[in-house]
Amino acid sequence: MTDGPRFSELRNFRELAGSFGSVAAEYDRGRPGYPEELFDELERLWGRGLKGARVLDVGAGTGIATRLLAARGADVVAVEPSAGMAAQFQAVSPQLPVVRGGGDELPFHDHSADLVTYAQAFHWTHPDRSVPEAVRVLRPGGALAAWWNVFDETVPWVRARDERLAAELSGRYHGYGRIAELTAPFAAAGLTVHRAVLRWQRRVPLDQVVDNLTSRSFFASLTPERREPLLAAERAALLAEFPDGLVVEPYVLDLTVAVTRS
Ligand SMILES: C[S@@+](CC[C@H](N)C(=O)[O-])C[C@H]1O[C@@H](n2cnc3c(N)ncnc32)[C@H](O)[C@@H]1O
């Protein structure tokens, strides 16, 4: 697991949240989706199926998770604060509803949803506001689910890249480490918390991996003069590791499901 900022240090880190809009296209091209096992596991931990469930997908971005939730039969509404990300969402998935808003103030009535999801997004919210908001909009027995795809640092080339980036971008570079700390507010709010960790990988062209890096908030917030040489160096390092230009990207997927009282 990458070593992320301490929860108490997340204030400056959240200022990066606005950087996504400028890299929405790279985000949609480069970021990984989520395997079916994630949704199987979510249903198992929640004890209910997604089919027909009213789901609010908070921090939906370009809709990567929203589309998968819809494909599982959920009645899903995306919630996204960034104009750039919401525009990309609408361009890619015009059939799905997206509402401009954030997790700290959900634009929905009390008891109007069965599930609130945060796919790589809960850490951008303020838990002292976002957790009570989720509880407010959930129906009895509803749940919130937060998950993060973390690069698997047990794989040597991933660890070497993280160490390079940490050295180059100290103070900016972060992973999604300390997930147990990030999700501690769920138990503190009296919810019943379940957690699962899945490993998976994808084999994708090198350009997609570079788009993935470009869309990370710590790269998106750099000036082009600073960003481009770093990306070129990372491209060269990837090519040395995967000469055929096809990269096997290994992930650890960390899922927390917090259930309200029935
Ligand atoms: C890493 S992206 C995740 C996007 C998508 N859920 C996915 O799985 O690819 C994080 C998203 O959270 C959004 N975001 C930032 N601050 C937020 C907040 N306070 N509440 C909800 N979403 C927020 C960002 O604009 C961005 O689209």
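Counting convention: from 1, in listed order, for ligands and their atoms alike.
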With heavy atoms of [X] as the reference, note each atom of ligand 1 found under 4.0 Å away.
{"X": "I64", "answer": "9 (O)"}
{"X": "S82", "answer": "25 (O)"}
{"X": "M85", "answer": "27 (O)"}
{"X": "A60", "answer": "4 (C), 5 (C), 6 (N)"}

Q: Identify the residue among D207, D211, T214 that makes a side chain to side chain donor-acceptor pair (under 3.5 Å) with R29.
A: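 Output: one option passes, namely D211.
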Q.
Quick one, L96 and Q90 - any side-chain contact, counting heavy atoms below 4.5 Å?
A.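 Side chain of L96 against side chain of Q90, heavy atoms only: no contact under 4.5 Å found.
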Q: Determine whether L69 and D57 make a side-chain contact, defined as any pair of heavy atoms from C-beta on separated by less than 4.5 Å.
A: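 In short, these two side chains touch, coming nearer than 4.5 Å.
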Q. Nearest heavy atom to atom 17 (C) of ligand 1: which of G102, P32, P81, A83 does it belong to?
A.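 The nearest heavy atom belongs to P81.
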Q: Measure from atom 22 (N) of ligand 1 to every heavy atom in A65, G33, G59, A119 and give the option owning the shortest one.
A: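 Considering heavy atoms of A65, G33, G59, A119, the nearest to atom 22 (N) of ligand 1 sits in G59.
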Would you say [X] has any N or O atom under 3.5 Å from an N or O of ligand 1, going by distance alone?
{"X": "G103", "result": "yes"}
{"X": "T125", "result": "no"}
{"X": "Y34", "result": "yes"}
{"X": "E80", "result": "yes"}

Q: Go through the steps for F186 and F122 under the test ring-ring contact (aromatic ring centres under 6.0 Å, His included), then give the verdict.
A: CA-CA 11 Å; F186 302 157; F122 183 72; 4.9 Å; yes
(Q) I'd like to know if the side chain of R159 and the backbone of E153 have a donor-acceptor N/O pair within less than 3.5 Å. (A)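 Yes.
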(Q) Could you tell me if R161 sits above the aromatic ring of F151, with its cationic atom closer than 6.0 Å to the ring centre and no more than 45 degrees from the axis? (A)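 Here R161 passes the 6.0 Å and 45° test against F151.
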Q: Test side-chain contact (heavy atoms from CB on, under 4.5 Å) on V259 and L191 and set out the steps.
A: CA-CA 5 Å; V259 185; L191 305 176; over 6 Å; no
(Q) For N149 and W200, which I'm curious about, is there any donor-acceptor pair between the side chains at under 3.5 Å? (A)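 Judged by distance alone, the side chains do pair up.
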Q) Given that the side chain starts at C-beta and the backbone is N, CA, C, O, which of these parts of V58 lies under 4.0 Å from ligand 1, counting heavy atoms, or is it both or neither? A)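 It is the side chain that touches ligand 1; the backbone stays farther off.
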